[in-house]
Amino acid sequence: MAYLLTLVTFVPMVGAILVLLLPRRQEHVTKLVTLGTTLVTFVISLPVYFRFDATSADYQFVEQRAWIPSLGVSYHVGVDGISVLLVLLTTFLMPLVLLSSWTSVESRWKEFAITMLLLETGMLGVFVALDLFLFYVFWEAMLIPMYLIIGIWGGPNRVYAAVKFILYTLAGSLLMLVAILFVYFQHGVATSTYTFDLPVLVRFVIPGGLTQDLLFLAFAVAFAIKVPMFPFHTWLPDAHVEAPTAGSVILAGVLLKMGTYGFLRFCLPLFPQASMTWAPWIFTLSVIGIIYGAWVSTVQPDIKKLVAYSSVSHLGFVVLGLFTLTPQGMVGGIIQMVNHGLSTGALFLMVGMIYERRHTRLIADFGGLWKVIPAFSVLFLIVCLSSLGLPGLNGFVGEFLILLGTFQVHRLAAVLATSGIIFAAVYLLWMYQRVCFGEVTHEANRRLVDLTPREWAVLLPVLLFIVWIGVYPTTFTTMTEPSVQALITQVQTKAQATSARLTTPPADAPGKP
C-alpha cells in the first residue's frame, strides 16, 4: 500500500493538531478524539502485519523521496522483520495507555493528549526511518514529549527525574550524532557520494581497528543509555517512579526498545568487526545487569520501583541475545522486546490502577487483596508469571531462545544469566505474596473496588497477547527469522572483508609480489 507507513507515522500528529483546535472546556470530546486517533492509527497499522511477507528479508512498504538533496538526505521509510513487531507494539499500546489515563490525569488533559500523540509519531518514526538523518530527527523529537510527560504530570520529584532523563539521553545522542556525521563524510570521501541512506551505508565497509571501534562505541553508548544497560541505568528508576502511569507504560513498553533496536539496526550492520570485538564486554555488562537488576528489585519497598529495576534485568537478556549473532538468540531478543513491552507495560498499568484506589505504592501498605479484589489479583498473578518467564506465557519463549543462543557462544554467560530467571521468581512472587495474600491489615484496603469495565478493556487485550505468544509463538517469530538470518550473514561477511583489508599488506610492503 502506497504511503502506508507515512499514514501510520503521521496520523497521530494530525490528531494532535485537531486536539489543539478543540475548546479546552470540552474535555470529554478531547479524550474521545485522542483515543479515536490512536485507534485509527492502530487499525491503519494492521495491514503492516497482514500484508507483510514473512519469507522476505527485504524492507517492505518502502517509501523514498528526496528531502534535502544537496546534503544527501531523503525521506526513506520501511520495515523488515526486525522493526515490524515494534511498530505494531507501539500502535497497540498507545490507545490502552490513553484509556488507562481517563481519570488518573486530572489536569491539563488537552496538553497531555497533544504530548502523547506527538510522542507516538516520534516513536513510530524511529522504527520506520531508513535514513540516518531522518532517524536522528525522530530520535530527538521523541525526547521532548516524554520530558514533558514526566516533568508536568509526574510525581513530587518529577522535575529532577525529567531533567536527569533528558541529560542522560542527550549526552548519548550527541555522541551518536558525531558518529553519524563521521560515517557520512567517510562514505562521501571514499565513494564521492554523500548520503545518509542506511541501506547504502551498510554496504560500505568502514575501516576496521580504532576507527570502527570508536564509531561503534559512540552509537553503543547512546543505545546503552536508552536500554538502559548497567552502568547507564541510573536515570530509569527515577523516571519510572515519578512518571504518571501512561509515561511509565510507554517508557517501558516502547522507549527502552529503541536502544535494543538501535543495536540491531545500526551497530551490528555498520560496525560488524567492532561488534564482534566488543561482544564479550557486552555479554559481561548484560549479565551484570540481569543479576544486579534482579537483586535490587528484591529489596524495593515500592512496587513501581521494583518493576522499574526489573526492566534493567529483563533488557539485559535482550541485549545478551542480540550479540550472540545466532538465529535463536537474536530472534529471542526481538521477541523478548515485545514480551517486555506487554508484561512490564501490564505491570505498570496494574500498579497505576491500585495507586488510583489507595494513593500508595508501598508493598507494606497492602496485603490480603485476593479477598477484596479477586479479579484484579488473578490478572495481576498472570502478569507476574508472564514477567518471570512461566512456560505457556510469553516471557518463557523469549528467554528460552536467548539462553539457547547464548549457550552456543558463551556458556558461562548463559549459566549466569539463567540465575536471573530464578531471582525474577523471587522478587515477583515475594512481592505478590505480600500484596495479595495474608490478612487485610489496613482498613482502607477493605473498601477497594475491583476492576471496572474500562480497566477490563485495558487489560484483556494485553493478556490475550501474553497467552498467544506463549502458546503459539511462531505467529511472530516467523516474521523475524529471514531478516535476522540476513543480518547475521551480512555482519559475518563484512567482518571478514574488514579483517582482510587489515591483514592485506600495502603494495610496496616487503614480501608483497
Mind checking the [atom1]-[atom2] spacing from [X] to [Y]? Nearest 0.5 Å is all I need.
X	Y	atom1	atom2	result
Leu198	Phe266	CG	CZ	5.5 Å
Ile402	Thr326	CD1	OG1	10.0 Å
Ile150	Trp153	CD1	CH2	11.5 Å
Arg434	Leu429	CZ	CG	11.5 Å
Ile290	Ile421	CD1	CD1	8.5 Å
Leu251	Phe348	CG	CZ	7.5 Å

Short question: side chain of [X], backbone of [Y] - any donor-acceptor pair under 3.5 Å?
X	Y	answer
Asn157	Tyr160	no
Ser310	Val307	yes
Ser83	Val79	no
Asn339	Asn394	yes
Thr480	Gly81	no
Gln212	Ala274	yes
Ser387	Cys384	no
Lys305	Val241	no
Arg158	Gly155	yes
Glu455	Met353	no

Examine [X] together with [Y] and report whether their ring centres are nearer than 6.0 Å.
X	Y	answer
Phe232	Tyr168	no
His340	Phe317	no
Phe219	Phe263	no
Tyr427	Tyr309	no
Phe323	Trp278	no

Practice problem: Given side-chain contact (heavy atoms from CB on, under 4.5 Å), test Phe133 with Val137 step by step and report yes or no. | Solution: CA-CA 6 Å; Phe133 185 89; Val137 168; 3.8 Å; yes
With side chains defined as the heavy atoms from C-beta onward, is the minimum distance between [X] and [Y] less than 4.5 Å?
X	Y	answer
Phe165	Asp238	no
Phe283	Leu320	yes
Asp80	Asp58	no
Gln300	Ile363	no

Quiz prompt | Worked verdict on Tyr432 versus Phe437 for ring pair (Phe, Tyr, Trp, His ring centres under 6.0 Å) | solution = CA-CA 8 Å; Tyr432 186 84; Phe437 293 147; 5.4 Å; yes
Please give me the minimum heavy-atom distance between [X] and [Y], naming the atom from each residue.
X	Y	answer
Leu236	Ala308	CD2-O, 3.7 Å
Leu342	Val462	O-CG1, 3.5 Å
Thr90	Leu86	OG1-O, 2.8 Å
Ala129	Val77	CA-CG1, 4.4 Å
Gln485	Pro327	OE1-CG, 3.5 Å
Ser173	Ala222	N-CB, 4.3 Å

Quiz item: In terms of ring plane angle, is the pair Trp139 and Phe135 parallel, tilted or perpendicular, where the classes change at 30° and 60°?
Solution: tilted
Practice problem: Could you label the plane-to-plane angle of the Trp295 and Phe423 rings as parallel, tilted or perpendicular, counting under 30° as parallel and over 60° as perpendicular? | Solution: perpendicular
Practice problem: State, without any angle test, whether Thr324 and Gln408 hold a side-chain donor-acceptor pair at a distance under 3.5 Å. | Solution: no
Quiz item: Step by step, would you call Phe196 with Tyr136 a ring pair (Phe, Tyr, Trp, His ring centres under 6.0 Å)?
Solution: CA-CA 11 Å; Phe196 288 97; Tyr136 191 80; 9.9 Å; no
